Amino acid sequence: MAKAKVKTTFFCQSCGSQYSKWQGQCTACKQWNTIVEEVIQKPEKNDWKSPSISASKRVAKPLRIKEIDGSADARLNMLDTEFNRVLGGGMVPGSLTLLGGEPGIGKSTLLLQIALKLPYKTLYVSGEESQKQIKMRAERIQPNSENCYILTETKTQNIFKQIEALEPDIVVVDSIQTLHSDYIESSAGSISQIKECTTELIKFAKETTTPVLLIGHITKDGNIAGPKILEHMVDTVLQFEGDRNHVFRILRANKNRFGSTNELGIYEMQGSGLREVSNPSEVLISEKDGELSGNAIAATLEGMRPLMIEVQALVSTAVYGTPQRSATGFNAKRLNMLLAVLEKRAGFKLGAKDVFLNITGGISVDDPAIDLAVVASILSSNEDEALQSDYCFAAEVGLSGEVRPVQRVEQRILEAEKLGFSTIFVSKYNKISLKNTQIKIQLISKVEDLVGFLV
């Protein structure tokens, strides 16, 4: 028999654009030397199931929208409050979820500990670790599990054979970059292999209504490795992030076809795995024996979730000619802007002083509502006078020194009241309809008003 002709094409490794011949620059993403040749076709392939089953499938027909069954499928409870919150209430049957994050941040640990405690039959497929390695980690996390099956395999055809025999309720794949299919000749992790393996998993998930969780590697700039089309193909894209030098990890949704992308989950890394943090405000605010200058509490929002975070500032005389401006977890340019506002509108001479700012807990915040807390912490450190520990702040500061309103201020006020704060400083221009609250709502319109209260 004549050998089937092997077809090749050229892909950009950065964005996944396809070309008929090699060229130095990708015209889509403008990157140089990213286009490589890959084999895209081998002999004709069968479906992931047996051919007889595939041939008997019904052909889809168009329906009027009112004829379509609109009842939602019951979501699977993942027995993890934070994970369920980010997914929008649980795992949707037949969905494909992609989890990305830095190496060593805890992606495999998170999905393994979820798989170990689920009451459903779960197949954990690993292409990166042996069964003994996974067993060692499982003993540390949760020694006894009756429903979790471990498979170390990278070829999709062999994986689907085991899936047909086991018939699991949930499939976890660690990671999509390690899988390869016989129908594509390029190496595992290449663009064509990732697209082919993901397509096979999507077909399996949709036809059997089995949810699939994929772990994905990321590039040095924080994007999911592989073609951008990978994120378009899956139903949900989750990002697991945090500083490896701190214990807190944040899980957020970058894309979610079945829920909001405004939710996030917070975990604490421990020796026995990841612990869910149900009240992050208490762990992000440090406990102190006495009152210290330069500390202020801000009421911020991460997605839809209110958090109370601690802002620390240190203002000292500049030793060298040029004063230093340093911010950790906060935008350094915005810090310079707030310092200019304080100097121009409130009369504080900070031009010859070093200013250091830190958001405790190792998290980064870009919510403009913490501006007022930053200003308060700088004023407190500059005057070396401690703020009252039951004060908190939630407002944006404009260039003319005005205190601007922020969104969902009532949610922030209720969170501050729940945690025992006596006074919250907000903008005078916020429309607040709350009544019978125990917390005092202090309305201010200019930075000078805040100076009058604190100094």
Side-chain angles (χ1 to χ4, degrees), residues 281 284-285 293-303 305-315 325-351 353-361 363-383 385-413 415-416 421 423-432 439 441-455:
S281 300
L284 293 175
I285 299 175
S293 64
N295 289 3
I297 306 299
T300 183
L301 285 174
E302 277 285 351
R305 192 173 189 178
L307 301 175
M308 308 301 288
I309 61 171
E310 185 175 355
V311 180
Q312 295 180 327
L314 176 62
V315 180
R325 302 283 189 264
S326 176
T328 304
F330 188 72
N331 191 321
K333 291 182 178 179
R334 194 163 188 86
L335 171 62
N336 289 330
M337 183 268 284
L338 294 175
L339 292 174
V341 170
L342 277 175
E343 186 143 353
K344 178 78 172 179
R345 305 297 176 187
F348 285 88
K349 303 300 180 185
L350 300 171
K353 294 187 176 181
D354 292 335
V355 180
F356 303 95
L357 191 77
N358 178 46
I359 308 295
T360 61
I363 65 171
S364 296
V365 181
D366 55 6
D367 183 4
I370 74 168
D371 284 356
L372 200 60
V374 170
V375 167
S377 64
I378 291 170
L379 293 178
S380 170
S381 180
N382 186 58
E383 299 296 318
E385 290 287 337
L387 302 175
Q388 289 194 38
S389 59
D390 55 358
Y391 281 4
C392 63
F393 307 85
E396 182 183 353
V397 175
L399 286 176
S400 58
E402 80 276 19
V403 177
R404 299 170 59 83
V406 294
Q407 60 175 341
R408 298 204 294 277
V409 69
E410 294 183 354
Q411 198 174 350
R412 303 172 196 261
I413 292 171
E415 177 73 7
F421 289 91
T423 306
I424 184 168
F425 291 81
V426 298
S427 172
K428 177 183 177 182
Y429 308 108
N430 267 119
K431 296 178 181 179
I432 302 172
I439 189 172
I441 303 171
Q442 188 66 57
L443 304 175
I444 56 176
S445 59
K446 297 180 295 184
V447 170
E448 296 92 307
D449 299 341
L450 178 68
V451 175
F453 278 107
L454 302 181
V455 179

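All values below come from the heavy atoms of this structure, side chains included, with hydrogens, waters and symmetry mates left out. Computed from a predicted structure; not experimentally measured.
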Inset, instruction - Measure across F393 and A376 and return the closest heavy-atom pair with its distance rounded to 0.1 Å. - result: CZ-CB, 3.6 Å

Show every donor-acceptor pair shorter than 3.5 Å between a side-chain atom in residues 399-406 and any protein atom, with sequence neighbours excluded, or say none if there are none.
from	atom 1	to	atom 2	distance (Å)
S400	OG	E402	OE1	2.3
E402	OE1	S400	N	3.3

Inset, instruction - Looking only at non-hydrogen atoms, find the nearest pair between R412 and A369 and report the distance. - result: NH1-CB, 3.4 Å

Legend entry - Nearest-0.5 Å distance, CG of residue L379 to OG of residue S293: 12.0 Å

Inset, instruction - For Y391, check ring pair (Phe, Tyr, Trp, His ring centres under 6.0 Å) against everything at least two apart and list the hits. - result: F425

Inset, instruction - First locate atom CG of L443, then atom OG of S427, and finally report the distance between them rounded to the nearest 0.5 Å. - result: 8.0 Å

Legend entry - Side-chain heavy atoms of F330 within contact of D371, under 4.5 Å: yes

Legend entry - N295 and L387: CA distance, side-chain angles, deciding distance, side-chain contact (heavy atoms from CB on, under 4.5 Å) verdict: CA-CA 7 Å; N295 289 3; L387 302 175; over 6 Å; no

Inset, instruction - To the nearest 0.5 angstrom, please state how far the CG atom of L301 sits from the CD atom of E415. - result: 9.0 Å

Legend entry - NZ on K428 to CG on D449, rounded to 0.5 Å: 8.0 Å

Inset, instruction - Apply side-chain contact (heavy atoms from CB on, under 4.5 Å) to N331 and D366, showing your working. - result: CA-CA 7 Å; N331 191 321; D366 55 6; over 6 Å; no

Legend entry - Minimum side-chain heavy-atom gap I359-V311 below 4.5 Å: yes

Legend entry - Heavy-atom donor-acceptor pair, S380 side chain to G294 backbone, under 3.5 Å: yes

Inset, instruction - Return yes if some donor-acceptor pair links the side-chain N/O of S377 with the main-chain N/O of A296 below 3.5 Å, else return no. - result: no

Legend entry - Residue pairs, two or more places apart or on separate chains, that pass side-chain hydrogen bond (donor to acceptor under 3.5 Å, both in side chains) and touch residues 336-345: none

Legend entry - Straight-line distance of I424 CD1 to D390 CG, nearest 0.5 Å: 12.0 Å

Legend entry - E396 and R334 ion-paired at < 4.0 Å: yes

Inset, instruction - Look up atom CG in L338 and atom CD1 in I370, then write down how far apart they are to the nearest 0.5 Å. - result: 9.0 Å

Legend entry - V315 backbone acceptor or donor facing N382 side chain under 3.5 Å: no

Legend entry - Shortest non-hydrogen contact between A327 and L335, atoms and distance: CB-CD2, 4.0 Å

Legend entry - Heavy-atom side-chain contact between I378 and L350 under 4.5 Å: yes

